[in-house]
Student: 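Quick one: this structure, given as structure tokens, is what I'll be asking you about.
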Amino acid sequence: MELIIYEMLYIIGLGLGDERDITLKGLDAVKKCEKVYIEAYTSLLSFGLSTDGLSTLEKLYGKPIILADREMVEEKVDNILSEARGSDVAFLVVGDPFGATTHTDLVVRAKTMRVDVNVVHNASVMNAIGICGLQLYRYGETVSIPFFTETWRPDSFYEKIERNRNLGLHTLCLLDIRVKEPTLESLCRGRKQYEPPRFMTINTAIDQLLEVEQKHGKSAYDEDTNCVGFARLGSEDQMIVAGTMRQLRTVNFGEPLHCLVIVGKTHPVEDEMLEFYKITTENPEQKGNGIP
Ligand SMILES: C[S@@+](CC[C@H](N)C(=O)[O-])C[C@H]1O[C@@H](n2cnc3c(N)ncnc32)[C@H](O)[C@@H]1O
């Protein structure tokens with residue numbers, strides 16, 4: 001009887017900061033893989049991902065890395081999986097592989113195609129937000145805030161935030177990333193051209209949240225609701241600022257990526273920790289860099 005040995009798909013978390021955040025286990029796996037893909041869709045990296053290539057990562061890993069953009073992840077993933085049937089293939093993900101739903105799909109498809117999968121975990125935005133002192137086990141459902149357009153203003157996040165707040169739970173709001181979005185014009189013409197990448201800022205997210213509150217009027221939150229804004233978590237220049245929606249709306253958080261937490265009912269220890277990140281009249285220039 002013929003013995004079929006399937007090779008492995010390694011899904012490897014890179015963490016949040018820079019190329020050195022990969023784990024030793026992850027690095028070992030990358031080194032033994034014949035092909036290495038990096039997902040550039042659900043997160044932007046501060047890892048030297050630019051038009052001139054992925055040099056920092058490639059230097060550290062000692063091999064070329066193929067950029068798996070949104071199109072490849074969503075439409076051509078079967079090709080990657082087929083390759084993993086004949087050789088070891090690495091699929092690198094910023095943060096943790098399960099910090100985004102796309103990668104759960106990838107595992108399901110791999111299993112269906114009888115490709116073995118090995119996951120190497122790393123830090124995710126989902127746990128890095130713990131740095132502000134709000135307890136991770138006091139969070140409700142995470143919501144995603146999409147960019148509003150003139151004609152498309154989806155607000156299903158509102159009900160979820162309302163539910164979380166009624167239960168006294170904190171809410172993590174993940175903010176939209178628009179990468180490789182085909183322009184409307186190019187879709188009509190049938191030849192794809194792409195919009196420039198866009199990353200939602202905390203300021204835009206708060207504007208949209210308040211617009212939706214005004215529309216529904218159920219007082220799920222308001223301008224005086226306490227929040228924490230996070231930018232570039234895990235990087236040297238990360239920024240964490242606590243304040244009301246009104247206060248955070250005017251803070252310049254700088255480069256992406258950003259996310260926002262709407263604070264629920266707090267424990268005294270959570271309050272004590274949040275104090276370190278607060279904008280105050282004595283400290284209007286709160287930069288919120290790192291651990292206080
Ligand atoms: C779908 S999640 C991807 C999560 C990633 N796979 C992980 O495990 O961290 C993407 C969203 O998380 C937030 N995010 C990701 N990395 C971040 C960072 N370093 N700092 C702040 N927010 C971040 C942004 O709102 C971004 O739109």
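Both counts, for ligands and for their atoms, begin at 1 and track the order of listing.
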Student: Does D176, backbone or side chain, put an N or O under 3.5 Å from an N or O of ligand 1?
Tutor: no

Student: Is the NZ or CZ atom of R178 positioned over F147's six-membered ring, under 6.0 angstrom from the centre and within 45° of the axis?
Tutor: no

Student: Below a 4.0 angstrom heavy-atom separation, can you tell me which part of V94, side chain or backbone, both or neither, approaches ligand 1?
Tutor: backbone

Student: Could you say whether the N/O atoms of L175 and ligand 1 ever approach to under 3.5 Å?
Tutor: yes

Student: Hey, are E211 and R153 close enough for a salt bridge, meaning a charged N less than 4.0 Å from a carboxylate O?
Tutor: yes

Student: Record the part of Q238 in heavy-atom contact with ligand 1 below 4.0 Å; permitted values are side chain, backbone, both and neither.
Tutor: neither

Student: Pull out every atom of ligand 1 sitting under 4.0 Å from any heavy atom of I177, numbered as shown with elements.
Tutor: 26 (C), 27 (O)

Student: Can you name the atoms of ligand 1, numbered from 1 with element, that are less than 4.0 Å from a heavy atom of D96?
Tutor: 6 (N), 7 (C), 8 (O)

Student: Find out whether T266 and N226 are in side-chain contact, i.e. whether some heavy atom of one side chain is under 4.5 Å from a heavy atom of the other.
Tutor: no

Student: Is ligand 1 under 4.0 Å from a heavy atom in the side chain of L233, in the backbone, in both, or in neither?
Tutor: both

Student: Quiz question: by atom type and distance under 3.5 Å, do the side chains of E270 and H170 form a donor-acceptor pair?
Tutor: yes

Student: Please tell me if the side chains of T201 and F253 come closer than 4.5 Å, counting only heavy atoms from C-beta onward.
Tutor: no

Student: So if I count the atoms of ligand 1 from 1 in the order they appear, which ones are less than 4.0 Å from some heavy atom of L174?
Tutor: 11 (C), 12 (O), 13 (C), 25 (O)

Student: I want to check something: taking the side chain as every heavy atom from C-beta on, are K160 and T171 in contact at a cut-off of under 4.5 Å?
Tutor: no

Student: Mark up the atoms of ligand 1 that fall under 4.0 Å of a heavy atom belonging to L16, in ascending order.
Tutor: 9 (O)

Student: With atoms numbered from 1 as shown, which atoms in ligand 1 lie under 4.0 angstrom from a non-hydrogen atom of G95?
Tutor: 7 (C), 8 (O), 9 (O)

Student: Ligand 1 versus H258, non-hydrogen atoms closer than 4.0 Å: side chain, backbone, both, neither?
Tutor: backbone

Student: Applying the side chain to side chain contact (heavy atoms under 4.5 Å, CB included) test to L172, which of V228, I262, V261 qualifies?
Tutor: V261

Student: Hey, do the aromatic rings of Y221 and Y158 have their centres closer than 6.0 Å?
Tutor: yes

